[in-house]
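The structure under discussion appears below in the form of structure tokens.
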2 protein chains.
Amino acid sequence: MTIKDIARQAGVSVATVSRVLNNQTGFSEATKDRVLRVIENSGYTRNDLARSLSGKRTQSIGLLLPSLTSYFVSELLSGVETRAHAADLSVIICDTDQDGARTLKYLRMLREKRVDGVIFVSEWLTDEYKKAFDLLQTRVVLVSTYSPLYSFPYIKIDDYRASYDAVAYLIQRGHRQIAMIGGSEDDPIAGKPRLDGYRAALKHHNLPIREEYVAHGDFDFRSGMRAMDTLWDRAPQLTAVFAASDEMAVGALNSAHRHGKRVPDDLSIVGFDDTQLAEMVPPGLTAVRQPVRELGRRAVEYLIGSSEDVAGIILPHSITERASVRTLT
Amino acid sequence: MTIKDIARQAGVSVATVSRVLNNQTGFSEATKDRVLRVIENSGYTRNDLARSLSGKRTQSIGLLLPSLTSYFVSELLSGVETRAHAADLSVIICDTDQDGARTLKYLRMLREKRVDGVIFVSEWLTDEYKKAFDLLQTRVVLVSTYSPLYSFPYIKIDDYRASYDAVAYLIQRGHRQIAMIGGSEDDPIAGKPRLDGYRAALKHHNLPIREEYVAHGDFDFRSGMRAMDTLWDRAPQLTAVFAASDEMAVGALNSAHRHGKRVPDDLSIVGFDDTQLAEMVPPGLTAVRQPVRELGRRAVEYLIGSSEDVAGIILPHSITERASVRTLT
DNA sequence: CTGAAAGCGCTAACAC
DNA sequence: GTGTTAGCGCTTTCAG
């Protein structure tokens with residue numbers, strides 16, 4: 001069942017059918033009705049492949065994610081999907097698994113599929129990726145990452161500030177022995193900036209910066225647990241810990257639990273992202289809030305051009321208070 | 001840059017280029033090398049739209065999910081994505097939001113995109129969906145759901161048995177006052193069967209079935225929390241609760257926490273799914289394990305036909321023991 | 001082995 | 001208003 005069949009049955013030309021189908025102008029109400037009627041009872045569906053091939057957009061975008069299993073990613077995905085669907089775009093998900101070869105393979109696939117745009121999340125933009133992006137010849141937008149070398153538009157929060165604020169918050173609550181479970185010092189996106197923010201806050205408040213108070217993880221639960229375990233060994237006196245992700249914070253919580261420490265009585269914890277996880281885990285995790293869904297929504301809006309043209313967008317962060325932080329007196 | 005340009009530059013016909021590109025037969029090593037060389041330094045990428053249009057498959061599948069934000073869905077998605085990627089399929093995600101109109105709209109879109117198959121997850125298959133599926137003219141596979149009316153292949157676990165086993169487990173641990181936080185009695189997929197399994201286990205062990213011991217939720221965190229809250233009112237004497245999802249179990253845990261009850265000392269909890277969440281939340285949730293990723297993997301394998309042809313597949317479940325259940329003596 | 005040509009289904013000039 | 005037709009880029013007979 002093609003446009004041709006419809007044309008024949010309605011006694012018009014394919015051009016006319018195409019016109020009414022795309023509600024353009026150039027046909028009478030009468031023919032329009034006739035065509036529509038024929039289509040109605042004939043189970044016809046337009047073929048997007050053909051449509052796209054002959055010059056139009058493909059109405060699909062690619063979403064490159066470093067992983068699929070975390071609330072951060074889920075919520076971001078949800079934000080993207082919701083907005084995309086509203087704009088009649090379909091989204092192709094690509095789990096890069098933080099692997100170069102895999103990412104490149106996806107990029108090639110997206111090119112073959114002629115997607116109208118791609119959203120690149122949370123990872124560092126390498127030279128190779130940059131080249132692949134150029135080949136893509138579509139719009140690219142960075143989310144929760146950015147590139148100091150290449151000027152792709154980005155949407156993120158101010159990680160340094162957010163981290164600084166979280167630590168300042170703990171200090172304000174009376175904490176002085178504050179540890180941090182951060183990412184890697186080599187990670188210029190979510191690693192370094194957050195670590196720097198932590199140190200800056202301590203320094204600004206005239207607190208000593210002790211390197212034995214910082215442990216590194218890779219943002220997931222297990223690494224957070226391990227990091228906290230080592231922190232206990234190195235600095236049993238600490239009263240608070242700030243983790244660079246909710247999952248690591250929950251890992252810390254878990255570690256505390258296993259060490260017979262109570263949260264927040266014996267240890268205060270602040271997470272990062274404020275995903276659903278923060279609200280779920282008892283006693284409720286105080287966390288730096290990132291407007292995750294909005295990050296996704298905005299990315300799509302940038303791609304479809306319904307957003308002003310800017311170099312980048314920094315969204316505001318905040319702190320969601322729950323019960324994992326105790327005020328020391 | 002099209003196949004035509006390559007053909008011209010290599011001094012052959014488009015047919016030949018197409019042949020070597022799809023590594024078929026019918027060309028000499030010499031021409032093959034020549035063509036490949038030209039392609040190499042010309043940034044050519046095949047156009048999948050054109051390729052698909054002229055009869056081939058689209059190499060893409062649609063994945064219909066009831067929601068995007070839960071570990072169950074994330075892990076399933078991950079299973080699907082991994083397998084699909086290995087088979088060079090791209091997956092288009094569709095968040096139905098459990099909404100009929102939205103689902104139908106997605107189904108139409110998937111038809112327009114001529115996907116090679118669709119995976120329908122966790123929801124009840126209505127007449128309307130069934131009609132839309134028929135229109136699709138591609139393979140459809142049901143995951144974590146099935147249809148007694150229409151014979152679509154399905155992949156799931158035995159919910160009734162799984163639930164029965166969970167409750168039997170609690171009974172074996174000495175519990176007698178066991179509550180359940182289930183889905184809706186009207187939900188023939190994850191609601192009724194699990195509720196029935198609960199009752200059957202009690203009955204089989206000669207324990208009374210008290211309706212005030214069962215509360216209903218909709219599988220998410222908040223509903224689990226509310227359900228547990230009502231349970232405390234109705235039956236403060238209970239020693240254990242079995243929830244039909246990990247999220248509801250965590251909701252129950254949260255409720256217990258707020259009521260000053262300790263888990264597992266004052267209340268034992270068993271969850272359902274055994275997602276990452278079960279392992280993350282202290283003290284560690286004992287849960288019925290569903291091989292979620294495998295569910296997804298198998299679904300893709302069915303679609304690409306690398307799986308035997310069967311009416312349905314029931315995967316085995318098990319119980320993962322952690323620390324949320326206390327043995328009563 | 002290789003090429004010419006007929007589609008795949010639709011859009012967009014360009015005529016009438 | 002409406003029809004004709006030339007593509008869009010690729011695959012696939014059918015010849016040679």
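Letters A, B, ... are given to chains in the order of the sequence lines, protein chains preceding strands, and every chain is numbered from 1.
B/S52 comes within 4.0 angstrom of no nucleic acid atom, judged by non-hydrogen atoms across all strands. Residue-level contact check: A/T31 touches the backbone only, with heavy atoms under 4.0 Å from sugar-phosphate atoms and none from bases.
Of the N and O atoms on the side chains of A/T82 and A/R297, not one donor lies less than 3.5 Å from an acceptor on the other residue. If you check the side chains of A/S42 and A/Q9, you find no donor sitting under 3.5 Å from an acceptor.
Residue B/Q24 qualifies as enclosed at atom CD: its count of foreign heavy atoms under 6.0 Å is above 12.
Across B/W124, B/Y150, B/F120, B/F152, a single residue satisfies ring-ring contact (aromatic ring centres under 6.0 Å, His included) together with B/Y129, and that is B/F120.
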side-chain contact (heavy atoms from CB on, under 4.5 Å) between A/S70 and A/F219, intermediate numbers included: CA-CA 10 Å; A/S70 77; A/F219 300 95; over 6 Å; no
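Separating the OH atom in A/Y302 from the CD1 atom in A/I119 is a distance of 11.5 Å, to the nearest 0.5 Å.
Looking at B/K32, its side chain never comes within 3.5 Å of a backbone N or O of B/N23 through a donor-acceptor pair. Between the side chain of B/S144 and the backbone N or O of B/K156 there is no donor-acceptor pair closer than 3.5 Å. Not one N or O on the side chain of B/T58 forms a donor-acceptor pair closer than 3.5 Å with the backbone of B/S52. Between the side chain of B/E81 and the backbone N or O of A/D95 there is at least one donor-acceptor pair closer than 3.5 Å.
Nucleotides of DNA chain C that come within less than 4.0 Å of any heavy atom of chain B span, from the 5' end to the 3' end, C/dC1 to C/dG9.
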Protein-to-nucleotide contact annotation, 5' to 3' order, nucleotides 8-16 of chain D [B base; S sugar-phosphate only; - none; under 4.0 Å, heavy atom]: BBBBBB---
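Axis angle across the helix from C/dC1-D/dG16 to C/dC16-D/dG1, with five pairs used at each end and values rounded to 10°: 40°.
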